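Here is the structure we will look at.
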Amino acid sequence: MTTLHIVRQSAFNTNDYAQCLQVLGDNDVIVFIDDGCYNLHHHLTNNLIDNLNNNLSKSNVSAINIKLKVIAQHANARAIKINEAVVSKIEMTDLVSLTFENDRVITWQ
Amino acid sequence: MSDHALKTLAILNSKAPYSDSAGKDSVDIALVFGSFEQPVSLFFQGDGVWQLVQGQDGSAIAVKDYLKTFSAFEFYDIEDIYVCQNSLEQRNLPATFHIEAVQVLNQRDFAERLTSHHTIFRF
Amino acid sequence: MAIDFKGIKIDTDKQGYLLDYTQWQSDLAQIIADQDGFTLTTEHWEIINFVRQFYLTYNTSPAIRALTKAMKAEFGEDKANSRYLFRLFPDGPAKQATKYAGLPKPKRCL
Amino acid sequence: MKKLAVLVTTSPYSNLSVTALDYIETALKSNIELVGVFFYQDGVMHASKNIQIASDEFQAIQHWQRLHHTYNLPLHLCITAAEKRGISDEHNDSIHAIFTVSGLGELVELTTKADRMVQL
């Protein structure tokens with residue numbers, strides 16, 4: 001059972017993303033859309049990626065194997081560079097598919 | 001009847017009670033789902049935990065005190081109410097609330113309980 | 001719209017609901033009901049008082065199911081059911097009992 | 001066929017509604033059944049006839065109309081949230097005809113009908 005987390009706000013502005021990170025479960029998917037794209041520059045994302053790479057449960061992330069995705073169009077429009085080694089680019093059709101591939105959706109907005 | 005199989009709803013409350021109507025809008029949804037005999041659980045995280053603090057009085061600032069409505073949840077069969085322990089600690093708040101039956105959950109349990117629901121709204 | 005009550009003007013909306021629930025007194029209930037050509041009996045009064053007390057306690061008027069659930073302890077199964085309530089208040093207990101109890105008009109979306 | 005419902009809580013003058021529309025249209029084109037869209041909080045502003053957005057900016061209403069007519073997409077409005085914001089179906093009807101005046105009971109209905117209910 002997995003959850004799709006749609007993150008719509010910049011963590012530089014609100015706590016939504018930080019709260020999202022608190023409820024992650026194994027194999028959950030995070031998709032950055034709208035201003036959520038700015039989180040690719042946020043230390044919370046760097047921490048998350050470090051933890052996932054090291055498979056550690058330090059900091060506030062205990063889940064493993066989280067998939068990070070971003071709507072390419074939304075990131076491109078904001079001149080956000082995507083490091084495809086850690087974050088995959090998707091299209092809106094993928095977001096629709098992910099809605100049904102996961103068991104539930106939480107929108108963080 | 002698979003169309004109308006019971007789908008559990010979780011409402012995740014993330015805002016403090018008085019500056020906007022999010023908390024009230026959320027309660028309205030909870031009461032309607034309760035009236036339609038749909039299972040609904042309430043979660044409080046981040047600034048949402050302020051909605052549970054004892055001794056508040058919205059009328060002092062001319063806000064309709066919808067927090068009083070929380071005491072009526074039992075009549076709407078809303079019995080599963082959870083608050084995030086981390087969020088309480090960050091705000092230096094005790095685990096005492098203006099309604100009974102609030103369960104304080106640590107991060108992992110809060111996450112697991114929240115994501116055991118079919119539909120999740122966040123206000 | 002307004003009701004003239006003992007020389008005091010009590011504002012209502014166009015359907016006759018009081019605009020300020022704190023202006024209500026028990027003598028007003030029948031006057032509001034008169035506008036609907038409705039006579040209040042002891043049975044009506046039980047519900048009107050109960051609904052008003054519910055509102056004063058919880059800051060919301062109860063939906064029908066919550067009302068019957070809340071009534072169970074005080075009135076027992078015979079009265080705490082929607083059939084009984086609709087027989088007393090044919091326009092719907094939520095709409096009608098709240099009106100005579102001086103409470104705000106229930107939200108349209110509920 | 002997979003069933004989707006969407007709860008829109010963001011206003012037409014927020015650029016976020018572009019995303020909501022894009023998501024919904026993409027789902028419709030992916031042969032997913034949209035059981036309905038429910039407008040709540042500032043989302044109800046989408047239904048207002050009195051909103052005028054400069055012609056060189058995104059016209060959310062035109063897209064809702066297109067989706068409604070092309071796909072028969074049900075658009076439900078929480079009337080209490082609407083009236084609170086000056087939008088009413090009574091005297092001086094200010095609600096676009098594509099919207100159905102509804103209550104929160106409809107949100108319960110959509111939630112129970114859909115495989116996924118997504119807030120956008």
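Everything quoted here is computed from the prediction, not taken from an experiment. The sequence lines fix the lettering, A, B, ..., with proteins before strands; numbering per chain opens at 1.
- Side-chain atoms of Glu74(B) and Lys69(C), non-hydrogen and from C-beta on, never get closer than 4.5 Å to each other.
- The two residues Ser61(C) and Tyr76(B) have their closest heavy-atom pair at O-OH, 4.0 Å.
- Centroid-to-centroid, the aromatic rings of Phe54(C) and Phe75(B) come within less than 6.0 Å.
- Only the backbone of Thr57(C) comes within contact range of chain B, with heavy atoms under 4.5 Å apart.
- Contact check for Thr60(C) versus Lys68(B): no side-chain heavy atoms found under the 4.5 Å cut-off.
- Counting non-hydrogen atoms of other residues, nucleotides and ligands closer than 6.0 Å to NZ of Lys95(C) gives a total of 12 or fewer.
- Of all heavy-atom pairs between Arg65(C) and Asp77(B), the closest is NH2-OD2, 2.6 Å.
- In this structure, OH in Tyr58(C) is found 15.0 Å from CG in Leu67(B), a value given to the nearest 0.5 Å.
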